Amino acid sequence: QVQLVESGGGSVQPGGSLRLSCVASGTTYSTHCMGWFRQAPGKERETVATIYTQGTRGDAPWYGDSVKGRFTISQDKTKNTVFLQMESLEPEDTAMYYCAARNRYGCSTLDEHFDYWGQGTHVTVSS
């Protein structure tokens, strides 16, 4: 089992920045891929970014088109933590943000391919 705890959400004005963190605990050695997802009220869950977390594979992180160039996913393996640095935030980025872990080989951009989910952290972008 893997437990995930997100933090770092909050309210920010358009153009501002936030850094989300996701700390993993439990059988983290089995995790191959981590992802950030978001869901706004009345909308489907959207994949924001994913990153391969095992070994030394040089796979580049994946980003959704709506956040490409503004968001950066990264990891600190020593702390079992994945980050989402969000820049140039827009009102359309307002959503609940979830961290997820995949404990099967490889990475994916589909939420149904992830096995463990955090409770989420809310981001509001408003003037």
Side-chain angles (χ1 to χ4, degrees):
Q1 293 287 324
V2 175
Q3 295 78 43
L4 303 171
V5 179
E6 304 98 331
S7 62
S11 296
V12 64
Q13 292 187 340
S17 302
L18 281 175
R19 188 194 199 200
L20 305 184
S21 299
C22 173
V23 179
S25 60
T27 56
T28 57
Y29 59 84
S30 65
T31 298
H32 289 265
C33 177
M34 297 286 291
W36 285 99
F37 300 80
R38 68 185 183 185
Q39 189 166 21
K43 295 187 176 181
E44 292 188 355
R45 187 160 55 193
E46 175 187 6
T47 307
V48 175
T50 63
I51 186 168
Y52 187 73
T53 57
Q54 285 288 351
T56 58
R57 279 178 58 168
D59 295 24
W62 179 93
Y63 297 96
D65 287 342
S66 61
V67 306
K68 202 172 293 183
R70 299 188 298 121
F71 290 11
T72 303
I73 188 171
S74 62
Q75 60 179 321
D76 183 339
K77 294 184 179 181
T78 66
K79 298 181 180 179
N80 291 325
T81 301
V82 174
F83 304 98
L84 185 69
Q85 180 67 43
M86 306 186 294
E87 306 284 349
S88 302
L89 283 162
E90 305 167 350
E92 293 74 23
D93 296 316
T94 296
M96 183 70 81
Y97 284 71
Y98 298 92
C99 172
R102 171 180 166 88
N103 71 342
R104 289 163 279 172
Y105 182 77
C107 210
S108 176
T109 62
L110 301 178
D111 56 1
E112 60 260 37
H113 291 173
F114 285 76
D115 304 292
Y116 302 101
W117 292 81
Q119 294 298 308
T121 185
H122 199 269
V123 172
T124 300
V125 184
S126 174
S127 56

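Remember, it's a predicted structure, so these values are computed and weren't measured experimentally.
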Measure the [atom1]-[atom2] distance between [X] and [Y] for me, rounded to the nearest 0.5 Å.
X      : Y     : atom1 : atom2 : value
Cys99  : Phe83 : SG    : CZ    : 11.0 Å
Ile51  : Gln75 : CD1   : CD    : 4.5 Å
Leu89  : Ser11 : CG    : OG    : 11.5 Å
Arg102 : Thr50 : CZ    : OG1   : 10.5 Å
Thr94  : Arg38 : OG1   : CZ    : 9.0 Å
Arg19  : Leu84 : CZ    : CG    : 10.0 Å

Check [X] against [Y] and note the closest heavy-atom contact, atom names and distance.
X      : Y      : result
Gly9   : Thr121 : N-OG1, 3.0 Å
Arg104 : His113 : NH2-O, 2.9 Å
Ala101 : Val2   : CB-CG1, 4.5 Å

* Asked: How far apart are the C-alpha atoms of Met34 and Cys22, what are their side-chain angles, what is the distance that settles it, and do they pass the side-chain contact (heavy atoms from CB on, under 4.5 Å) test?
  -> CA-CA 9 Å; Met34 297 286 291; Cys22 173; 3.9 Å; yes
* Residues sharing Trp117's hydrophobic cluster, by side-chain heavy-atom contacts under 4.5 Å among ILVMFWY, directly or via others? -> Phe37, Met96, Tyr98, Phe114
* To do: Please go through Trp62's hydrophobic cluster and name the other residues, only I, L, V, M, F, W, Y counting, with side-chain heavy atoms under 4.5 Å joining them.
  =>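 Hydrophobic cluster check, Trp62: no partners found.
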* side chain to side chain donor-acceptor pair (under 3.5 Å) between Glu87 and Ser17, intermediate numbers included -> CA-CA 5 Å; Glu87 306 284 349; Ser17 302; 2.5 Å; yes
* Asked: Could you walk me through whether Tyr116 and Gln3 pass the side-chain contact (heavy atoms from CB on, under 4.5 Å) check?
  -> CA-CA 7 Å; Tyr116 302 101; Gln3 295 78 43; over 6 Å; no
* Classify the ring geometry between His32 and Tyr52 as parallel (under 30°), tilted (30 to 60°) or perpendicular (over 60°). => tilted
* Asked: Can you list the residues that meet the side chain to side chain donor-acceptor pair (under 3.5 Å) rule with Arg45, with sequence neighbours excluded?
  -> Asp111
* Asked: What residue among Met86, Gln39, His122, Glu6 forms side-chain contact (heavy atoms from CB on, under 4.5 Å) with Tyr97?
  ->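 With Tyr97 as partner, Met86, Gln39, His122, Glu6 yield a single side-chain contact (heavy atoms from CB on, under 4.5 Å), made by Met86.
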* Derivation of the side-chain contact (heavy atoms from CB on, under 4.5 Å) call for Val123 and Leu20 -> CA-CA 9 Å; Val123 172; Leu20 305 184; 4.1 Å; yes
